[in-house]
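Down below is the structure, laid out as structure tokens.
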Amino acid sequence: MVAPEHPFQTLTGMRDLVEPDTGRRRALVATFAERAERAGYGEIRPPLLEELGVFLRMGEATDVVSKEMYEFEDKDGRRVALRPELTAGVVRAFVQHHPPTPWKVWYSGTSFRRERPAAGRYRAFDQVGVEVLGVDDPDLDVEVVALAWGSVTDLGLRRVRLVVNSLGDHEDRQRYTDAVATFLRSRRADLSEAARATTERNPLRVLDTKRPEDRAVVADAPSISDYLSPESAAHLERVLAGLRAVGVPVEQDDRLVRGLDYYRRTTFELVADSLDAAQNAVGGGGRYDGLAEDLGGPPTDGIGFALGVDRLLLACDAEGVFPPADVVLDAFVVDTAGGETARDLVHELREAGLAADRRYGGGSLKSQMKSADRSGARWALLVGSDELDAGVVTVRDLRSGAEQVAVPRADVVADLRRRSSEHREDTGT
RNA sequence: GUGGCCGUAGCUCAGUUCGGUUAGAGCGCCAGGUUGUGGCCCUGGAGGUCGGGGGUUCAAAUCCCCUCGGUCACCCCA
């Protein structure tokens, strides 16, 4: 081994997550999983690495495919890529295993995009989401969108809006895209240079530009609502009516387009008003009715969404909700009489289901008490030479300041269990 | 990928304008004050390649170039 020239550090856009962030993310995923499973969804964990072709259906013109994927040739000479999202992999799994439909799955996991990092945007990022394959019924759209909405409100977020639109079926979308492109070319002189380039590559993307000069032009652009087939329009109406019926506040926005090529008909986005406009989309999704066929399967309707965990938590911070929970310790053992009691007692406490820790390497009573205090433990269990001689352990409440008591060594675990359950009842935890 | 700003102790930052004693503060950490008691207070201590490399200079945290990382806007997207 040769020592590195520079200390190793995380790659650009990647980070080490530690407590309390890790615990907060566990809680977020648990909350999401609970809601999804209540609605009949089962968990799926597709691999992080897939054949490159699985992801190309997102659209060759999208940045995600054209320049942001971590792709390489493996030692077998296959073109492979780290997943930039989970939908394509889930649909690939559907095509590969042909499970009975409807197939309802939820997921949580990390994806990778080689972009310039920004607030709430990393090169390795976590999402939670669901996909449903095999159902063409607008009431399923209602279920999926309501699930996304509920997942956000479960966290306590209030300043989030749900925006819904329809891109129509394949033909609608194509006709509309052509109309938008024609319109934008007619107003070419008024557009920014970047928007002119986007017009030729992916005209719909221009519709949600954030540049003021382009926004003025886009305001005059044709509306998708004039290009929807009667079937697509009816589908959208049924979805909107359904969401209102179940009490999900929804806004319709005929300028909402989503980045990936596979979206058809229903599309939606969750926008956090508490975040800066650049990264305020905390989640989004929609129908992708042709995707399974594109991946070699039978024609199958599909719909799903993904929520960005980093942005959700950013929004939670901005609203002061869903705070990270402290790690709770029941007992901290302080032993200045040789250490055998600490060694044995923490083990007994843990085996009995209590959370217990101690300090290693000895130290004065004072310094061990400082460790006990910092640990956040509810009780300190003290063992000095006096206790050892008397066969007892001194139990000290570190929060109330109440008088400490001597408990026979043999009864300490049972005593702590009793105190702990009483304490939980008191605090309702 | 383009442009702006930033990088000094574990953390948050001062010092950079106009180069010049041993590079500082608060918090945190360790120890003592209290030879068996945490939090508050007092005292002391440890801890720094000034992101890295090169250059200019008698002299660089400070000026110049390159580079790495972060951040904001654009692009794109969760």
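Please read these numbers as outputs of a predicted model, since none were measured by experiment. The sequence lines fix the lettering, A, B, ..., with proteins before strands; numbering per chain opens at 1.
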Would you mind telling me which of B/A78, B/C76, B/U37 lies closest to the side-chain atoms of A/T198?
B/C76
Is the backbone N or O of A/L256 less than 3.5 Å from a side-chain atom of A/N165, with the two atoms forming a donor-acceptor pair by type?
yes
So, the side chain of A/Q368 versus the backbone of A/G363: is there a donor-acceptor pair under 3.5 Å, distance only?
yes
Complementary nucleotide of B/A25, counting Watson-Crick and G-U pairs under 3.5 Å
B/U12
Which part of the nucleic acid does A/G129 contact within heavy-atom distance under 4.0 Å: base, sugar-phosphate only, or nothing?
nothing
With both distances under 3.5 angstrom, what nucleotide forms a Watson-Crick or G-U wobble pair with B/C30?
B/G44
Among residues at least two apart in sequence or on other chains, which ones pass side chain to side chain contact (heavy atoms under 4.5 Å, CB included) with A/L49?
A/F72, A/V80, A/L82
Is the backbone N or O of A/T110 less than 3.5 Å from a side-chain atom of A/R83, with the two atoms forming a donor-acceptor pair by type?
yes
CG (A/L382) and OG1 (A/T336) are apart, to the nearest 0.5 Å, by 8.0 Å
Nearest-Å distance, CG (A/D386) to C1' (B/U37)?
12 Å
Please confirm whether any donor atom in the side chain of A/Q404 sits under 3.5 Å from an acceptor in the base of B/U37, or the reverse.
yes
Write down the partner of B/C58 under the Watson-Crick or G-U wobble criteria, each distance required to be under 3.5 Å.
B/G20
Taking A/L270 as the fixed residue, which of A/V152, A/L157, A/N280, A/V163 is the one that meets the side chain to side chain contact (heavy atoms under 4.5 Å, CB included) rule?
A/V152
Between B/A78, B/C72, B/U37, which nucleotide gets closest to the side-chain atoms of A/R311?
B/A78
Whole-angstrom distance between B/U37 and B/G10, as gauged at atom C1'
28 Å
B/A78 C1' sits how many Å from A/Y122 OH, rounded?
13 Å
Rounded interatomic separation in angstrom, taking CZ from A/F32 and P from B/A78
15 Å
Classify the nucleic acid contact of A/E269 as base, sugar-phosphate or nothing, counting any heavy atom under 4.0 Å across all strands shown.
nothing
Looking at B/C77, I'd like to know if its phosphate oxygens (OP1 or OP2) sit under 4.0 Å from a side-chain N or O belonging to A/R205.
yes
In whole Å, what is the span from the OH atom of A/Y263 to the C1' atom of B/C77?
10 Å
Do nucleotides 41-51 of chain B as a string where each nucleotide becomes B, S or -: B if the base has a protein heavy atom under 4.0 Å, S if just the sugar-phosphate does, - if no protein is that close.
-----------
Would you give me the side-chain donor-acceptor pairs under 3.5 Å for residues 217-224 of chain A, sequence neighbours excluded?
unit_1 : atom_1 : unit_2 : atom_2 : d
A/D220 : OD2    : A/R187 : NH1    : 3.2
A/S223 : OG     : A/S225 : N      : 3.2
A/S223 : OG     : A/S225 : OG     : 2.6
A/S223 : OG     : A/D254 : OD2    : 2.5

Using nucleotides 1-7 of chain B, report all nitrogen or oxygen pairs with the protein that are shorter than 3.5 Å.
unit_1 : atom_1 : unit_2 : atom_2 : d
B/U2   : O4     : A/R116 : NH1    : 2.7
B/G3   : O6     : A/R116 : NH2    : 3.2

I'd like the P distance from B/A61 over to B/U17, given in whole Å.
12 Å
Quick one: the side chain of A/R113 and the base of B/A78, do they pair up donor-acceptor inside 3.5 Å?
yes
Nucleotide opposite B/A73 in a Watson-Crick or G-U pair, distances under 3.5 Å
B/U2
Partners of A/R359 by side-chain hydrogen bond (donor to acceptor under 3.5 Å, both in side chains), sequence neighbours excluded?
A/S367, A/S371
Counting only N and O atoms by type, is there a donor-acceptor contact under 3.5 Å from the side chain of A/E269 to the main-chain atoms of A/G285?
no
Geometric cation-pi criterion, A/R358 with A/Y360: 6.0 Å, 45°:
yes
Does A/T336 put a side-chain nitrogen or oxygen below 4.0 Å from OP1 or OP2 of B/G36?
no
Say you pick atom C1' in B/U8 and the same atom in B/A23; how far apart are they, in whole Å?
8 Å
Take the protein atom CG of A/L204 and the nucleotide atom P of B/C76, then report the distance between them rounded to whole Å.
12 Å
Nucleotide B/A78, atom P - distance to CZ of A/R123 in whole Å
18 Å
Base, sugar-phosphate or nothing for A/G376? Non-hydrogen atoms, less than 4.0 Å.
nothing
Checking all strands, does A/A380 fall into the base, sugar-phosphate, or nothing category for heavy-atom contacts under 4.0 angstrom?
nothing
Which one, B/C68, B/A78, B/U37, comes nearest to the side chain of A/F125?
B/A78
Figure out the CG/P separation between A/D397 and B/U37, and round it to whole Å.
18 Å
Strictly distance-based, threshold 3.5 Å: is any side-chain N or O of A/D310 a donor or acceptor partner for the main-chain N or O of A/G120?
no
Report yes or no: does A/Q174 contribute a side-chain atom to a donor-acceptor pair with the main-chain N or O of A/D178 at less than 3.5 Å?
no
State the pairing partner of B/U37; accept Watson-Crick or G-U wobble contacts with both distances under 3.5 Å, and report none otherwise.
none
Taking atom P in both B/C58 and B/A14, what distance in whole Å separates the two?
32 Å
Where the side chain of A/R113 meets the backbone of A/P84, is there a donor-acceptor pair that is under 3.5 Å apart?
yes
Main-chain N/O of A/Y262 paired with A/R287 side-chain donor or acceptor, under 3.5 Å
no
Check every strand shown and say whether A/L365 touches a base, only sugar-phosphate, or nothing at a heavy-atom separation below 4.0 Å.
base
Each nucleotide N or O in nucleotides 26-30 of chain B that has a protein N or O under 3.5 Å away: list the pair and distance.
unit_1 : atom_1 : unit_2 : atom_2 : d
B/C29  : OP1    : A/R374 : NE     : 3.4
B/C29  : OP1    : A/R374 : NH1    : 2.9
B/C30  : OP1    : A/R374 : NH2    : 3.1
B/C30  : OP2    : A/R374 : NH1    : 3.4

Any donor-acceptor N/O pair, A/T198 side chain to A/N202 backbone, under 3.5 Å:
no
When the C1' atoms of B/A60 and B/U16 are compared, how many Å lie between them, rounded to an integer?
10 Å
Interatomic distance at P, B/C65 relative to B/G70, whole Å:
22 Å
Check whether any side-chain N or O of A/T12 sits under 4.0 Å from OP1 or OP2 of B/G70, and answer yes or no.
yes
Say you pick atom C1' in B/G28 and the same atom in B/G45; how far apart are they, in whole Å?
14 Å
A/Q9 side chain: which of B/G39, B/G69, B/C76 is closest?
B/G69
Rounded to whole angstrom units, what separation is found between the CD atom of A/E131 and the C1' atom of B/A78?
13 Å
Toward the 5' end of RNA chain B, which comes first, A/V282 or A/M14, by nearest nucleotide?
A/M14
C1' gap between B/A9 and B/C27, integer Å:
12 Å
